[in-house]
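Worksheet: the structure to be examined is printed underneath.
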Amino acid sequence: LVPGQTEVVVAKKASPVVQFAAEELTQVLAEAWGEKVPVVAEPSGKKAAIVLGDNAWSRKAGIDVSAKPRDTYFVKTDAKYVYLAGRDNPNQHPFRSARYASSLERGTLFAVYAFLEDYAGVRFYFPGELGTVVPRAARIEVPDTDRAVTPDFLIREWYNGPRAFWFGETSRTPFGNRMRNLNWLRLRMGTRKLPLCHGTRNYKLAERFAKAHPEYFALKTNGTRSFDP
């Protein structure tokens, strides 16, 4: 892949996940190459093409995004094409998934980040100029490959508290802090959440059972039961 001879293919009516993946990919490639990379609705046949998402071209290349577990991403080369694909939510922008609407699948976005890390040497430590490393390169070499990568853990997340902020961060989106959401996406956090936090408090156990069944609750050293939620 070389500047001026590479295009990114996003099919018409592609999902918001694929469209955002194209934004991320072209932004990083432009920084690495020093010039913009065009986004087209179908391969021109005249340039090397990076084809994003589950579409007619990726399916013709043999990629079946439904054949693997959740969060699997696919990286495949075929002649002049590089295919980056995965299962994606068809309707919602990926920022909506960071962090709580976590049912939003974004396999194509995972494939884009893996491609940039594995073949372009990019490092996403945290968003912004200080935490993102994009090496300048005259070309990006992608070997013949046919990969389907499934994360070892379905649940992947971290927590930074509601008041955390990034250096110089002032922008927000309809879905919250832009930098925090971007970090969640670029680190490829999980797309399924198990609600464990604050569980006993929300069950209102003391209100429901303290009087009738005090034996359900911890016995303190002073001989009383602990009903504090």
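Computed from a predicted model, the values in this text were never measured in an experiment. Along the sequence shown, residues carry numbers from 1.
- In the model, D228 has no side-chain atom that pairs as donor or acceptor with a side-chain atom of S226 under 3.5 Å.
- Environment of CZ in R139: sparse, with no more than 12 heavy atoms of neighbouring residues, nucleotides or ligands closer than 6.0 Å.
- Here the side chains of T77 and D146 are not in contact, with every heavy-atom distance at 4.5 Å or above.
- Of all heavy-atom pairs spanning D71 and E105, the tightest one is N-OE2, 4.4 Å.
- The CG atom of N89 sits 7.5 Å away from atom OG of S15, with the distance rounded to the nearest 0.5 Å.
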Test log, rule salt bridge (charged side-chain N to carboxylate O under 4.0 Å, His left out), inputs R147 and D118: CA-CA 12 Å; R147 302 166 57 202; D118 294 344; 3.0 Å; yes

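- Distance alone, capped at 3.5 Å, is enough to place a donor-acceptor pair between the T132 side chain and the F126 backbone.
- Annotation: D152, atom CG; neighbour count of heavy atoms from other residues, nucleotides and ligands within 6.0 Å does not exceed 12.
- The main-chain N or O of L185 is never found under 3.5 Å from a side-chain atom of R188 such that the two would form a donor-acceptor pair.
- At a threshold of 4.5 Å between non-hydrogen side-chain atoms, the residues L25 and F115 count as touching.
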Yes or no on side chain to side chain contact (heavy atoms under 4.5 Å, CB included) for R192 and R70, after CA distance, side-chain angles and deciding distance? CA-CA 9 Å; R192 174 165 288 169; R70 189 183 187 91; 3.2 Å; yes

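- Atom NZ of K36 has 12 or fewer neighbouring heavy atoms from other residues, nucleotides or ligands inside a 6.0 Å radius.
- You'll find the side chain of L1 reaches within 4.5 Å of the side chain of W33, heavy atoms only.
- Between the side chain of K12 and the backbone N or O of A41, no donor-acceptor pair lies under 3.5 Å.
- Hydrophobic clustering (ILVMFWY, side-chain heavy atoms < 4.5 Å, transitive): V51 and V18 are in distinct clusters.
- Checked by atom type and distance alone, the side chain of R186 never pairs as donor or acceptor with a backbone atom of W184 at under 3.5 Å.
- The main-chain N or O of V65 is found under 3.5 Å from a side-chain atom of R87 such that the two form a donor-acceptor pair.
- Both L29 and V82 belong to a single network of hydrophobic side chains, linked directly or stepwise wherever heavy atoms of I, L, V, M, F, W or Y lie under 4.5 Å apart.
- By the 6.0 Å contact criterion, NZ on K220 is enclosed, its count of non-hydrogen atoms from other residues, nucleotides or ligands being greater than 12.
- Judged by distance alone, the side chain of D88 and the main-chain N or O of G107 form a donor-acceptor pair under 3.5 Å.
- A 4.5 Å side-chain heavy-atom check between R225 and Y216 finds every atom pair outside the cut-off.
- Taken to the nearest 0.5 Å, the CD1 atom of I63 stands 13.0 Å off from the CH2 atom of W57.
- Taking all atoms of both residues into account, the shortest heavy-atom contact from K80 to G45 is NZ-O, 3.8 Å.
- Taking OG1 of T108 as the start and OH of Y73 as the end, the distance is 12.5 Å to the nearest 0.5 Å.
- The side-chain heavy atoms of F227 and P214, taken from C-beta on, include a pair separated by under 4.5 Å.
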One pair to check against side chain to side chain contact (heavy atoms under 4.5 Å, CB included): F20 and L109. What are the steps and the verdict? CA-CA 8 Å; F20 180 71; L109 189 58; 3.9 Å; yes

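- The shortest side-chain heavy-atom distance between L52 and V8 falls under the 4.5 Å cut-off.
- Salt bridge present: R59 and D54 bring a charged side-chain N and a carboxylate O closer than 4.0 Å.
- Between G53 and A85, the shortest heavy-atom contact is O-CB, 3.6 Å.
- Side-chain atoms of T72 come within 3.5 Å of backbone N or O of P69 as a donor-acceptor pair.
- A single hydrophobic cluster is seen to contain both V133 and L130, as judged by linkage of ILVMFWY side chains at heavy-atom distances under 4.5 Å, directly or through other members.
- Counting non-hydrogen atoms of neighbouring residues, nucleotides and ligands closer than 6.0 angstrom, the CD atom of E141 reaches no more than 12 such neighbours.
- Cluster membership check: L116 does not share its hydrophobic cluster with Y81, using side-chain heavy-atom separations under 4.5 Å among Ile, Leu, Val, Met, Phe, Trp and Tyr.
- More than 12 non-hydrogen atoms from other residues, nucleotides or ligands lie less than 6.0 angstrom from CD of E207.
- The shortest side-chain heavy-atom distance between F217 and L205 falls under the 4.5 Å cut-off.
- The two residues P135 and A32 make their nearest non-hydrogen contact at O-CB, 3.5 Å.
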For T6 and K47, run side chain to side chain contact (heavy atoms under 4.5 Å, CB included): C-alpha distance rounded to whole Å, both residues' side-chain angles, the deciding distance at 0.1 Å, then the answer. CA-CA 5 Å; T6 302; K47 297 181 178 181; 5.9 Å; no

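- Side-chain N or O atoms of E7 include none that pairs as donor or acceptor with a backbone N or O of A48 at under 3.5 Å.
- Hydrophobic clustering, with ILVMFWY side chains joined whenever heavy atoms are under 4.5 angstrom apart, groups V112 together with Y119.
- When side chains are defined from C-beta on, L84 counts as touching I50, because their heavy atoms get closer than 4.5 Å.
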Side chain to side chain contact (heavy atoms under 4.5 Å, CB included) evaluation trace for V39 with T26: CA-CA 8 Å; V39 177; T26 54; 3.7 Å; yes

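- When all heavy atoms are compared, the tightest approach of V149 to P151 is O-CD, 4.0 Å.
- Taking each heavy atom of L104 and P94 in turn, the nearest pair found is CD2-CA, 4.0 Å.
- Atoms CZ and CD, from R106 and Q92 in turn, are 11.5 Å apart once rounded to the nearest 0.5 Å.
- Side-chain contact annotation: E24 with Y113, donor-acceptor N/O pair under 3.5 Å present.
- Note that CZ of F74 is 6.5 Å distant from NZ of K68, once rounded to the nearest 0.5 Å.
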